[in-house]
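Ligands are counted one by one from 1 in listed order, and the atoms in each one are counted from 1 as well.
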Amino acid sequence: MTAEELFRRYGLTRVINASGTMTSLGASRVIPEAIEAGAAIQSEFVRIDELQARASRVIARLTGAEAGFVAACSAAGMSQSVAACVTGANLARIERLPDVEGLPDEVLVQAGHLVHYGAPIEQSVTITGARVVPLGTAARVEAFHLEDRIGEKTAAALFVVSHHVVQEGQMLLADFVAICKGRGVPVIVDMASEYDLTGPIALGVDLVVYSGHKFLGGPTAGIVAGRKDLVRAAYLQNRGIGRPMKVGKEGVVGTMAALEAWERRDHAAARERELANVRHWMEALAGVPGLRLDIHPDWTGNPIDRLKITVVAKEAGLHAWELADRLASGRPSIQVRDDLIEHGCFFLDPCNLTAEEAAIVGRRIEEEVASAQRRGDGLVVSLSERRKGRVEAGLKWPD
Ligand SMILES: *Cc1c(COP(=O)(O)O)cnc(C)c1O
C-alpha cells in the first residue's frame with residue numbers, strides 16, 4: 001500500500017510539518033535504512049537480550065559511553081534511568097517499584113527544567129515511585145541550591161537540555177555534573193532533541209537519554225547511554241516498571257540503523273538543504289505586509305536555523321495565532337512552531353520539509369494574510385480564547 005492509499009483509506013489529513021520533530025505529528029520522516037531494518041526483522045524471532053547487547057555496542061560507539069540500550073521513547077528511557085538509580089540491579093527492588101520504601105527516592109531537578117513535552121517531565125520520575133525535589137526558582141538556580149538538597153535520600157539529579165527549559169538563570173551542565181560527581185550523585189541528562197551525541201558523556205554524565213524518532217530519523221524509540229552498571233540497572237527495569245513501556249524488535253534494529261546512518265550522513269549537505277528552505281521563505285515572504293522576518297539559530301546550539309515570523313497584528317490584519325491556526329486548518333494542514341506564540345511570533349523549521357513543501361508553506365502564508373486583509377475577518381480570536389479552545393478540542397477526542 002502506498003502512503004497515498006493509506007491516507008485515503010483512513011481519511012487522514014495530509015500534514016506539512018514546519019514545526020520540527022514533534023511526537024504528536026509522527027516525529028520525523030523515518031530514514032530508509034531504519035525502515036528497511038525494521039521491516040526485515042518483523043517476520044523473524046530474535047533473542048531480545050542479544051539484540052539489545054548489540055545495540056549497546058552501537059550506542060557506545062556513537063556516544064562514547066560504556067553501554068546503552070533502546071527504550072520505548074525518551075520519556076520511558078528517563079523513567080527507567082531514574083528507576084535504575086533507585087533500585088540498582090536488584091531484581092527484588094525492581095519488581096517492587098513503585099514502592100520505594102527504604103530506598104533513595106529523591107530526584108533533584110532545577111525548577112526551570114520542570115518542562116512539559118506533551119506530558120510533564122515530573123511524571124517520568126514519579127511513575128517510578130521516586131519524587132522530584134525542585135531546586136531554586138523558575139529563573140534562578142545556584143550551585144548552593146543543589147548542594148543543599150543532596151542527602152541520604154538522593155537517588156539522582158536530572159538535567160534537561162532543551163528549548164523547553166527556562167533559558168536564563170539555570171546552572172550550567174558542567175557545574176551541575178562537577179557538584180554531583182563530588183557528592184556521588186548520578187546525573188541523568190535529557191537530550192531527547194539534541195544532536196550532540198558525545199558531549200554529555202565526555203563531561204562525565206552517568207546516564208543520557210535521546211529520542212530515536214527525532215533528529216536521528218529512526219522509528220519511535222529512546223536511547224539510553226552511560227555507565228555500564230547504571231545502564232544495566234536501567235535495562236533490567238524491563239522486568240518491572242519498564243514492561244508497559246516496551247520497545248519491539250523493529251524499534252531496536254531501526255534505532256541501530258538510524259544511529260549507523262547518522263555516522264555516515266553528509267551533515268553539511270543536509271544543513272545546506274535546510275538553509276535553502278529558509279532562504280526561500282526569506283525571499284518569498286519579504287513583501288507580505290505585517291510580517292517581520294529574522295533567521296533564528298536554535299536555542300540550544302543544534303545546527304538548525306529557523307525562520308522567525310513576527311506578526312504585527314494591526315498591519316497583517318490578524319494575530320500570529322490566528323495565522324498559525326488558519327494554516328493548520330487548511331488542506332494540507334500546515335503546522336508551524338508556535339510555542340512562543342504569546343509573543344506574537346512563530347517559527348518555520350526547515351528540517352522535515354522538501355523544497356516543494358517549503359514553497360507551499362510560503363505561498364499559503366502569503367494567501368492567508370492577503371485573505372484576512374481582503375475580508376477583514378482577522379483580529380477576532382483572543383489569545384485566551386485560543387488557549388481554551390485547544391484544551392477543549394483535546395478533551396473531545398475521538399470526536
Ligand atoms: C521530545 C522530548 C521528550 C520526549 O521524548 P519522547 O521520545 O517522545 O518520549 C523529552 N524531553 C525533551 C527535552 C524532548 O524534547
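Heavy-atom contacts of His213 reach the following atoms of ligand 1: 6 (P), 7 (O), 8 (O) (cutoff under 4.0 Å). The Ser211 neighbourhood of ligand 1 comprises atoms 5 (O), 6 (P), 7 (O), with distances under 4.0 Å to a heavy atom of that residue. Within ligand 1, the atoms closer than 4.0 Å to a non-hydrogen atom of Ala192 are 2 (C), 3 (C), 10 (C), 11 (N), 12 (C), 14 (C), 15 (O), numbered from 1 in the order shown.
Under the 4.0 angstrom criterion for non-hydrogen atoms, Glu194 is not in contact with ligand 1. At a 4.0 Å cut-off, at least one heavy atom of Lys214 sits close enough to ligand 1 to count as contact.
Taking the six-membered ring where tryptophan is involved, the planes of Phe347 and His296 are perpendicular, since the angle between them exceeds 60° and thus also 30°.
Under the 4.5 Å side-chain contact rule for hydrophobic residues, Leu379 and Val381 do not share a cluster.
Considering both main-chain and side-chain atoms, Ala75 comes within under 3.5 Å of ligand 1 through a nitrogen or oxygen pair. Considering backbone and side-chain N/O of Ser74, one or more are found under 3.5 Å from N/O of ligand 1. Of the polar atoms of Ser162, none of the N or O atoms is found under 3.5 Å from an N or O of ligand 1, judged by distance alone.
Protein heavy atom at the shortest distance from atom 4 (C) of ligand 1 is Tyr117 CD1, 3.7 Å. Distance from atom 11 (N) of ligand 1 to its nearest protein heavy atom, with residue and atom name: Asp190 OD2, 2.6 Å.
Taking 4.5 Å as the limit, every side-chain heavy atom of Val187 sits out of range of all side-chain heavy atoms of Val185.
Neither side chain, Gln237 nor Thr128, offers a donor N or O lying under 3.5 Å from an acceptor on the other. Side chain to side chain, Ser124 and Tyr117 meet the donor-acceptor criterion of an N or O pair below 3.5 Å.
Checked against Asn238 for a side chain to side chain contact (heavy atoms under 4.5 Å, CB included), the options Gln80, Met245, Arg243 give a single hit: Gln80.
The existence of a salt bridge linking Glu95 and Arg93 is excluded, since no basic side-chain nitrogen approaches an acidic carboxylate oxygen closer than 4.0 Å.
The structure places CG of Leu207 at 5.0 Å from CG of Leu230, a figure rounded to the nearest 0.5 Å.
With a 4.0 Å cut-off on non-hydrogen atoms, Cys73 touches ligand 1 through its backbone as well as its side chain.
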